[in-house]
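Data block below; observations after.
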Amino acid sequence: MSNQELSQLFNRIANLMEIKGENRFKILAYQRASDSIKTMTEDLAKLSQEDLLQLPGIGQALAEKIVEFSQTGRLKFLTKLEEEVPPTLIDLLNVPDVGPKKAALFWKSLGITTLEQLEAAAKSGKLRDLPGLGEKSESRILTGLQAQQYNRKRYPIPEAEGIAQDWKERISKQKGVTRLELAGSLRRMRQTIGDLDLVGSADDQAAVMEFFTSQPEVADILSRGDWKSSVRLKSGIQIQLWLQPKEKFGSLLQFVTGSKDHNVRLREFALKRGLSLSERGFVTKDLKEILCAEEELVYTALGLPFIPPEMREDRGEIEAAAKNSLPHVIGISDINSDLHLHSNWSDGKNSLEDIAEAALESGLKLIALTDHTISAPTSDPDDRLAVEQIPARNSSIRKIQTQMAGKLIILNGIEVDILPDGRLDFPDEALAQFDLVIASIHLEMNQPADQITQRLLSAIRNPFIDIIGHPSCRELPNSNGADLDWEVIFNAAGENGTILEINSNPLHLDLDDIRARRAAESGVLLAVNSDAHTLQAMGNLKYGVGTARRAWLTREHVINARKTEELINWLKRRKATARGR
DNA sequence: GCCGTTTTCGGCCCGACTGTTTTCAGTCG
């Protein structure tokens with residue numbers, strides 16, 4: 001039983017209970033447990049009932065269910081629920097404008113239990129006669145059913161960012177627009193983005209909303225009001241625009257940045273202090289308004305330090321802020337080195353000189369050139385380095401080191417492949433000559449968990465390996481990467497002092513935020529690297545930093561945010577130990 | 001079903017928008 005399975009199980013229960021019409025607070029308890037388990041890093045299957053009770057949101061009833069499921073792989077409660085409510089009804093909840101009440105209505109009055117049946121009923125005009133529905137509801141549901149496939153897509157951060165920036169600029173230029181910012185999951189730097197949120201202030205809100213909803217890319221207007229409008233573009237992505245007067249802009253930005261769970265927790269926190277919080281500001285018990293023109297003021301009013309957007313996921317940040325123990329998370333300006341870069345000695349597009357110049361210009365103090373070796377699955381076989389080519393590359397690197405002396409420190413590195421049997425594709429004698437060695441998996445990621453964990457472990461334990469690159473080798477938005485036993489990996493990396501990478505390529509972001517946080521808690525040192533193959537991709541470091549901030553990492557956790565002397569000394573000690581063996 | 005800086009009982013976030021309504025329920029974020 002994985003945490004993921006358990007989270008899905010509780011979510012399933014919550015959905016079925018909603019359709020059944022159970023007490024909403026009971027449902028809330030299951031939903032909250034599902035959400036919090038999803039991001040928990042401890043393996044719940046290994047905890048006793050007593051330990052489970054210590055977790056937030058887990059009481060007697062849920063603890064018993066977790067134990068039952070982990071021991072038997074089944075849950076009597078769910079089995080009974082599924083006999084009462086057809087489980088396929090859960091699919092209906094994904095249709096826009098269909099929630100638990102309507103799903104129950106369709107089922108009880110028309111016997112509908114599947115999406116196909118719902119579509120057929122909508123097409124034949126059977127929905128419009130149901131109580132509370134009419135022709136418009138029916139047609140919205142039909143549109144929703146047809147939009148569903150592309151609606152669910154999630155976008156890599158840069159793609160979402162590009163679209164959002166374009167809209168931000170366009171709307172900002174409208175007359176009377178005083179503020180406009182990106183919010184939502186993009187501002188929190190979630191690993192992929194589902195839809196876009198823009199927040200603003202404008203003198204004439206109606207005119208701005210009219211402009212927003214009448215743009216040529218708009219395929220559907222999902223809702224249209226003075227405070228909030230929502231559209232779906234022809235490309236399928238949804239954009240919301242939220243407006244409030246400028247004296248309330250801070251409250252709005254805070255609210256729309258989310259996450260939902262963070263906001264709910266913050267509102268509960270406010271209530272305990274006699275304040276009701278919404279996107280319009282605070283209302284005190286004697287109905288006085290407290291307005292926040294700036295976002296910081298929302299937190300200040302609650303006696304809290306500012307919580308960075310990336311941390312707002314209800315993963316303990318409000319409690320930590322209240323105790324004044326919120327970590328000072330790293331920022332992009334803390335990153336002074338990039339330890340994973342590819343040149344045209346392998347499949348990178350640029351020369352050593354160009355990379356060094358670009359690094360210098362971007363303010364880096366140190367880089368490591370880490371080209372691929374002979375087994376990497378590059379598209380061109382000539383883009384892989386054999387051991388015999390290393391002397392020639394070494395002399396090129398020495399030349400550029402001399403050229404950049406005093407301006408930029410350049411490490412002679414390499415990225416070797418961890419072969420399917422756990423061996424590396426370069427022998428240790430070859431590895432010993434490099435300043436820094438990354439080991440990564442690129443092939444046969446579908447091996448069983450035991451096997452692929454052992455495969456990674458052999459590299460982690462190799463004293464010549466300094467960093468494990470993109471540990472899971474996942475490809476966003478769809479692939480989860482290797483099925484690794486992460487606790488084992490983190491323990492081994494901690495014991496051997498092997499660094500785990502947060503790869504900043506927006507299609508990797510690997511380790512992800514949750515794993516990176518757990519790794520750091522386990523005493524593992526991390527590195528945030530670009531893995532750039534082009535000069536432009538060197539700028540991806542900001543996405544890796546976003547992930548690191550979501551993982552609550554400070555400068556101390558990240559080797560390339562430490563002083564360069566410290567990094568170099570760390571590597572020297574490591575090399576000395578390796579050669580001494 | 002969970003939880004306690006008013007509570008072991010009685011709370012549990014809040015507002016915008018839509019459609020079907022004559023004042024509100026459902027959905028969404």
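All figures in this text were calculated on a predicted structure; none of them were measured in a lab. In the text below, chain A, chain B and the rest are named by the order of the sequence lines, each starting its count at 1.
Atom pair A/E135:CD and B/dT21:C1' shows a separation of 16 Å (rounding to whole Å applied). Rounded to whole Å, the distance from NZ on A/K260 to P on B/dA16 is 17 Å. Rounded to an integer number of Å, the gap from A/L28 CG to B/dC12 P is 11 Å. Residue A/W227 contributes atom CH2, which lies 8 Å from atom P of B/dC17 at whole-angstrom precision. The CG-C1' distance, from A/L127 to B/dG19, rounds to 14 Å in whole Å. Distance CG (A/D197) to C1' (B/dA16): 14 Å, rounded to an integer number of Å. In this entry the distance linking CG of A/L92 with C1' of B/dG26 reads 15 Å, nearest Å. In this structure, A/E268 places its CD atom 13 Å from P of B/dT5, rounding to the nearest Å.
Checking A/L55 against A/K102, the closest nucleotide of DNA chain B that is more toward the 5' end is the one next to A/L55. Projected onto DNA chain B by closest heavy-atom contact, A/M209 and A/V256 fall at different nucleotides, the more 5' of which corresponds to A/M209.
Between A/R32 and B/dC13 there is a side-chain polar atom (N or O) within less than 4.0 angstrom of OP1 or OP2. Put simply, A/R280 has a side-chain N or O that comes within less than 4.0 Å of OP1 or OP2 on B/dA16. The phosphate of B/dT20 (OP1 or OP2) has a side-chain N or O of A/S137 nearer than 4.0 angstrom. For the OP1/OP2 pair of B/dC14 and a distance below 4.0 Å, the side-chain nitrogens and oxygens of A/S276 include at least one atom meeting the criterion. Taking side-chain N and O atoms only, A/R140 has a distance below 4.0 Å to OP1 or OP2 of B/dG19. For A/K26 and B/dG1, the shortest distance from a side-chain N or O to OP1 or OP2 is below 4.0 Å.
Side-chain atoms of A/S278 lie closest to B/dG15 of the nucleotides B/dT6, B/dG15, B/dC2. Picking from B/dC12, B/dG29, B/dT18 the nucleotide with the shortest atom distance to the side chain of A/F25 gives B/dC12. If you check B/dG15, B/dG1, B/dG26 against the side chain of A/K101, the one that comes closest is B/dG26. Distance from the side chain of A/K285 is smallest to B/dT6 among B/dG29, B/dG1, B/dT6. Minimum atom distance to the side chain of A/P100 is reached by B/dT27, of the listed B/dT27, B/dC13, B/dG29.
With sequence neighbours left out, the side chain to side chain donor-acceptor pair (under 3.5 Å) criterion links A/E556 to no other residue.
Rounded to whole Å, the C1' atom of B/dC12 lies 29 Å from the corresponding atom of B/dG19. Across B/dC28 and B/dT20, the matching P atoms stand 16 Å from one another, rounded to whole Å. Separating the C1' atom of B/dT8 from that of B/dG1 is a span of 15 Å, rounded to the nearest Å. Across B/dC9 and B/dG15, the matching P atoms stand 31 Å from one another, rounded to whole Å. B/dC13 sits 16 Å from B/dC2 when the P atoms are compared, rounded to a whole Å. Rounded to whole Å, the separation between the P atoms of B/dA16 and B/dG11 comes to 25 Å.
Among the protein residues, A/Y30 comes within range of the sugar-phosphate backbone only, with heavy atoms under 4.0 Å from sugar or phosphate atoms but none that close to a base. Across all strands, A/I27 comes closer than 4.0 Å to no nucleic acid atom at all (heavy-atom distances). A/R224 comes within 4.0 angstrom of the backbone, heavy atoms only, and of no base. Residue A/Q60 is in sugar-phosphate contact alone, with no base atom involved, counting any heavy-atom pair closer than 4.0 Å across all strands shown. As judged by a 4.0 angstrom heavy-atom cut-off over every strand, A/P56 is placed among residues touching the sugar-phosphate backbone only. Nucleic acid contact class of A/L266 (heavy atoms, under 4.0 Å, all strands): none.
In terms of heavy atoms, A/L93 sits closest to A/A103 at CD2-CB, 4.1 Å.
You'll find the side chain of A/F306 reaches within 4.5 Å of the side chain of A/E295, heavy atoms only. Residues A/R24 and A/E18 have side chains not in contact (no heavy-atom distance under 4.5 Å, counting atoms from C-beta outward). Residues A/L62 and A/F10 meet the side-chain proximity criterion, which asks for heavy atoms closer than 4.5 Å. Under the 4.5 Å side-chain criterion, counting only non-hydrogen atoms from C-beta, A/L233 is in contact with A/V218.
Remark: the backbone N or O of A/K246 is not paired with any side-chain donor or acceptor of A/R179 at under 3.5 angstrom.
Electrostatic pairing of A/E268 and A/R32 counts as a salt bridge here, judged by a charged N lying under 4.0 Å from a carboxylate O.
Figure legend. B/dT8 is base-paired to no nucleotide; pairs are counted as Watson-Crick or G-U wobble with both atom distances under 3.5 Å.
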